[in-house]
Amino acid sequence: MPISFLTSAGDSRTQVPPHLQQIAIRSLDLGLSCLDKFVKGKVVLKGPLVSMDNGKYVLKTVIQELEHQQNLPRGLSSIGAVLFNKLARDFSEAVNTEDVVLMTGFTLAPSPTAHKDGLHSCNLQLGGAGDGGGACVYVCPALNASRSPAHSVTRSLARHPARASETQVTKYTYTALNKLVPDTIVNIYGVVTFFKQPYRSMGTDYCSFLKITDPSSVKVSCTVFQGELHNHPQVFRTGDIVRLHRVKAQSFRGSINVTTTHGFSIVVFDGTVGSPVVPRTSSRKLHFTAEDEQTVERLRRWASEQTALLGAAAVRLADVEPRMYFDFTCQLLAKAEMDRNCTLLKVWDGTECPYPLLDVSVEPDAQHGSTAVPGCRKGLVASVLVYDDHIKMTQDLKPGSYLRIYNLHAVPQTTSAASPSGRSDHLCFHLHGGTSYGRGLRILPKDSPDLQELQRALELLPASSDDIADVSLMDVWATPPESLEEASCDAERTCDHTLEQVPLSSVTKSTPPKTFHTRAQLKTFQPQKLFQCLKLYCPQCNALQNVPDEEAIGSAFHRAVGTAAFGSEPWLLTCFRESTEPGRKMAVHLPSSSHNDQTSLIFLEGAALEDVCQISEHRAVVPVRWHDGKMSFLDFSVPVFFQGSARHYGCRNCSRSECREPLPMELQEWDEKKVAEALGVQLLQYMLLMKLELDDGTDSLQALLWRDAEIFFGVSAQDTATDQQLQDRIQRTMDRLCPPEGTMETRPWLNLCLATYSAEEAGRSTVCYQVLNTKTVCPD
DNA sequence: GCTTAGGATTGG
């Protein structure tokens with residue numbers, strides 16, 4: 001058995017063959033015999049199942065060791081595994097991210113992508129020709145509430161731990177559709193022959209409608225009322241199998257139909273004979289037995305023999321004929337609101353339409369996402385106009401989503417665009433208002449089997465030139481949809497992590513430390529006065545302070561006037577000058593060794609800020625005072641030295657207060673670090689610090705922008721302190737990410753790399769978030 | 001508080 005389910009991660013020892021010994025990922029090495037070894041880790045990335053030309057399959061996954069993960073670098077705790085053929089197919093079906101797996105019977109091969117993804121230098125390979133058929137994966141399914149039911153899969157369900165306590169509860173009986181009696185409450189099974197996606201009723205609920213049948217050949221209408229969309233049946237196509245609990249049969253216009261009652265529930269299964277029996281439901285307490293599985297399979301077989309139940313063939317963009325109505329499976333590239341009653345969706349399915357397509361153009365600002373796809377030709381991207389009541393369903397759509405649009409109308413539209421023949425017809429697609437013929441649209445889950453053909457077609461499209469360097473099996477998950485999402489954002493990641501993009505709700509539920517790729521909008525940020533985001537930071541003691549303003553610096557100089565002692569040191573040449581401030585005298589001390597050396601420092605005593613600014617245009621200036629007979633820095637609340645427009649601060653905790661004689665040799669090359677070292681000063685670093693409130697609809701969180709803030713804005717914090725243009729650049733970026741006016745709908749989506757970590761705050765450990773490895777694309 | 005809808009277009 002190549003894939004086997006364990007009941008929990010803890011007791012895996014009692015369920016895997018006893019001769020197998022765990023080996024740590026960091027101990028794996030080429031040439032090592034791994035016959036009696038297993039590797040254990042959590043699935044942190046699961047690539048798509050890729051079908052090869054020769055009818056074989058391959059799938060790449062990354063597993064991370066549970067122990068050690070906080071202390072070890074990635075390359076020692078995480079490893080890629082390449083699964084082949086049946087094992088790849090089974091794994092794709094039965095295993096998901098967050099599951100803990102034990103892999104055994106693998107061989108080791110050098111990882112061609114280790115330099116890029118930072119994983120272990122080897123890959124595990126399982127199920128290929130080279131491992132002698134002994135490869136096996138043991139799975140401990142993650143007990144994660146957010147887990148989609150699609151993951152509790154197939155034959156192995158009998159071993160799924162969540163079901164143990166449910167076996168004693170109610171046994172459900174199901175009524176055949178020809179045995180329904182009006183005004184009774186029943187449970188029924190059926191094959192869907194017609195359906196409408198949920199729509200708003202005139203009452204309090206959403207309404208969806210199904211017509212189902214069963215081997216009694218009676219057709220029964222089902223009207224489902226539910227206030228929450230996620231409680232509605234997830235029917236994707238006719239032929240799907242549904243199981244309804246607690247529906248009321250009633251008589252209407254001479255036939256019997258059913259409708260929801262209190263305690264109603266519905267589960268949907270794919271209708272394809274032989275495909276895994278995966279319940280589609282959002283319910284967390286699903287009653288599902290081996291008998292249910294048999295019923296689904298029996299209905300599938302029966303339906304497959306009924307020619308009258310055959311669904312329409314799938315229509316790709318390449319198959320479209322003018323004026324036809326069809327169900328369209330596609331990926332969203334971009335959307336734009338045309339007016340209150342119409343939203344434009346730009347979509348594709350990887351095939352090319354034989355008819356010219358209307359390119360409905362909108363202002364770039366009004367469009368979310370991008371159609372600037374690598375290798376894109378005009379015939380690939382369709383414009384879909386969504387009208388009236390369906391607009392609501394488009395509001396949460398994000399570029400990259402997979403959609404099915406029901407009863408889409410291919411409308412030839414005459415355009416006056418100049419062509420050799422004059423006027424010409426272009427196809428535009430309309431999703432008309434209303435629900436006639438099941439008109440509507442819905443998101444298809446990423447792992448839906450209905451998407452396989454589309455995903456293959458998209459993979460075959462010419463990739464961008466940067467991506468074709470390594471087309472080996474190991475890069476199988478570098479699929480067009482992801483590169484597409486990158487292109488549609490105003491912020492992009494700069495890291496090489498191969499992480500699956502997750503919603504913020506997954507980030508907030510996780511245990512730190514961890515790194516995530518996510519996509520979110522900026523809701524608010526602090527500080528609103530952007531100059532306050534510039535901070536001074538001591539890398540030695542981690543102290544953080546604001547940059548003093550001009551007034552505070554000026555008054556510090558002013559206070560020092562009365563304390564001027566005008567001393568000297570043997571290594572100094574001292575002379576006196578008039579200050580720019582009338583009646584004020586200042587001492588100019590020069591290191592005697594550096595006489596006439598224009599690169600040397602000038603120590604100024606009793607000067608006003610204005611004096612320092614003037615002189616520092618030509619020479620680096622250190623403001624000083626005399627304390628206990630020693631020359632000392634004036635005050636750490638003012639810069640320890642000025643050079644040109646640059647001001648460098650010292651840390652009051654980590655610097656000595658007296659100013660030692662700098663050796664002239666050390667100052668040959670002007671560099672603030674060398675100067676600070678020569679003077680015995682711990683320099684403070686300029687840094688940018690912001691708090692961003694991120695939101696993606698699933699959750700929101702406050703993330704710091706700190707370590708990589710310079711990358712984020714594409715500026716140097718140090719230069720920003722004195723450069724108005726850079727300050728403007730930060731302002732423009734924030735205005736774009738979070739416009740002062742406008743709603744969340746108009747804000748760009750940001751592709752972010754987000755780290756979670758624990759930090760002590762007031763003696764208490766709190767979870768913090770930080771944006772890393774992310775740069776914004778700033779308009780100039 | 002206990003309804004809502006009950007398939008069936010041709011159009012922006």
Side-chain angles (χ1 to χ4, degrees), chain A residues 177 180 182-183 185 188 190-213 218-229 231-233 235 237-240 242 244 246-264 266 308-309 311-312 315 320-328 336-345 358 360-362 382-392 394 405-415 425-441:
Chain A
L177 297 182
L180 296 177
D183 299 314
I185 292 175
I188 53 176
V191 181
V192 176
T193 62
F194 173 77
F195 61 100
K196 286 183 176 185
Q197 298 299 333
Y199 56 96
R200 263 269 166 242
S201 74
M202 301 294 272
T204 58
D205 295 331
Y206 283 95
C207 173
S208 52
F209 180 84
L210 307 174
K211 182 78 79 63
I212 61 173
T213 186
V218 170
K219 283 193 175 177
V220 171
S221 298
C222 315
T223 308
V224 173
F225 294 111
Q226 292 285 297
E228 302 283 341
L229 278 174
N231 290 329
H232 278 262
V235 175
R237 62 200 308 171
T238 58
D240 282 352
V242 289
L244 297 92
R246 294 178 209 91
V247 286
K248 187 167 110 181
Q250 55 190 17
S251 195
F252 178 73
R253 288 189 187 164
S255 57
I256 292 184
N257 64 25
V258 301
T259 186
T260 47
T261 64
H262 188 67
F264 162 85
I266 185 162
L309 293 182
V315 174
V320 165
E321 292 294 332
R323 282 172 288 275
M324 79 191 291
Y325 290 84
F326 64 108
D327 295 345
F328 189 37
E337 195 178 319
M338 305 297 284
D339 59 53
R340 270 189 61 207
N341 297 319
C342 181
T343 291
L344 169 69
L345 305 180
L358 191 67
V360 180
S361 57
V362 290
S383 296
V384 175
L385 294 169
V386 175
Y387 289 99
D388 307 337
D389 35 349
H390 307 298
I391 289 176
K392 187 157 193 341
T394 69
I405 308 176
Y406 300 94
N407 197 234
L408 189 59
H409 189 191
V411 183
Q413 297 194 320
T414 306
T415 56
D425 275 357
H426 286 72
L427 282 186
C428 182
F429 299 88
H430 295 235
L431 179 62
H432 298 298
T435 62
S436 307
Y437 279 84
R439 287 192 300 232
L441 79 164

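In what follows, chains carry the letters A, B, and so on, assigned in the order in which the sequence lines appear, proteins first and then strands, with residues in each chain numbered from 1.
- If you check distances only, the side chain of H430(A) never reaches the base of dG11(B) with a donor-acceptor pair under 3.5 Å.
- In this structure, the side chain of D389(A) engages the main chain of G434(A) through a donor-acceptor pair within 3.5 Å.
- Between the side chain of R246(A) and the backbone N or O of T260(A) there is no donor-acceptor pair closer than 3.5 Å.
- Within the nucleic acid shown, R323(A) has no heavy atom closer than 4.0 Å to any nucleic acid atom.
- Look at CD1 on I185(A): it is 17 Å from P on dC2(B), rounded to the nearest Å.
- The separation between Q226(A) atom CD and dT4(B) atom P is 16 Å, rounded to whole Å.
- When all heavy atoms of Y406(A) and D327(A) are compared, the pair lying nearest together is CA-OD1, 3.4 Å.
- The heavy-atom pair separating H432(A) from H409(A) by the smallest distance is NE2-ND1, 2.8 Å.
- Atom NE2 in H232(A) sits about 12 Å away from atom C1' in dA5(B), given to the nearest Å.
- Residue C207(A) is classed as a sugar-phosphate contact, given heavy-atom separations below 4.0 Å to backbone atoms only.
- The separation between L210(A) atom CG and dA8(B) atom C1' is 17 Å, rounded to whole Å.
- In this structure a side-chain-to-backbone donor-acceptor pair under 3.5 Å is missing from H390(A) to L431(A).
- The 5' end of DNA chain B is approached more closely, in terms of each residue's nearest nucleotide, by G438(A) than by the other of G438(A) and L431(A).
- In this model, a side-chain donor or acceptor of H432(A) finds a partner on the base of dG12(B) within 3.5 Å.
- By the 5.5 Å and 30° criteria, F225(A) is stacked with the base of dT4(B).
- A straight line from OH of Y406(A) to P of dT10(B) spans 22 Å, rounded to a whole angstrom.
- Residues of residues 193-206 of chain A having a heavy atom closer than 4.0 Å to DNA chain B, listed by number: F194(A), K196(A), Y199(A), S201(A), M202(A), G203(A), T204(A), D205(A).
- Tested against I212(A), the residues I188(A), T193(A), D240(A) include a single side-chain contact (heavy atoms from CB on, under 4.5 Å) partner, I188(A).
- In this structure the side chain of L345(A) never reaches within 4.5 angstrom of the side chain of F429(A), judged on heavy atoms.
- If you measure from atom OH of Y387(A) to atom C1' of dT10(B), you get 14 Å, rounded to the nearest angstrom.
- Judged by distance alone, with hydrogens and angles left aside, R340(A) brings no side-chain donor or acceptor close enough to the base of dG12(B) to form a pair under 3.5 Å.
- Across residues 248-257 of chain A, Q250(A), F252(A), N257(A) each have a non-hydrogen atom less than 4.0 Å from an atom of DNA chain B (numbered order).
- No contact: G434(A) has no heavy atom under 4.0 Å from any strand.
- At least one donor-acceptor pair closer than 3.5 Å links the side chain of S383(A) to the backbone N or O of L358(A).
- Protein atom CG of D389(A) is 19 Å distant from nucleotide atom P of dT4(B), rounded to whole Å.
- Nucleotide dG12(B) holds its C1' atom 13 Å from the CG atom of L344(A), rounded to whole Å.
- In this structure, the side chain of H232(A) does not engage the main chain of Q197(A) through any donor-acceptor pair within 3.5 Å.
- For the pair T259(A) (side chain) and T223(A) (backbone), a donor-acceptor distance under 3.5 Å is present.
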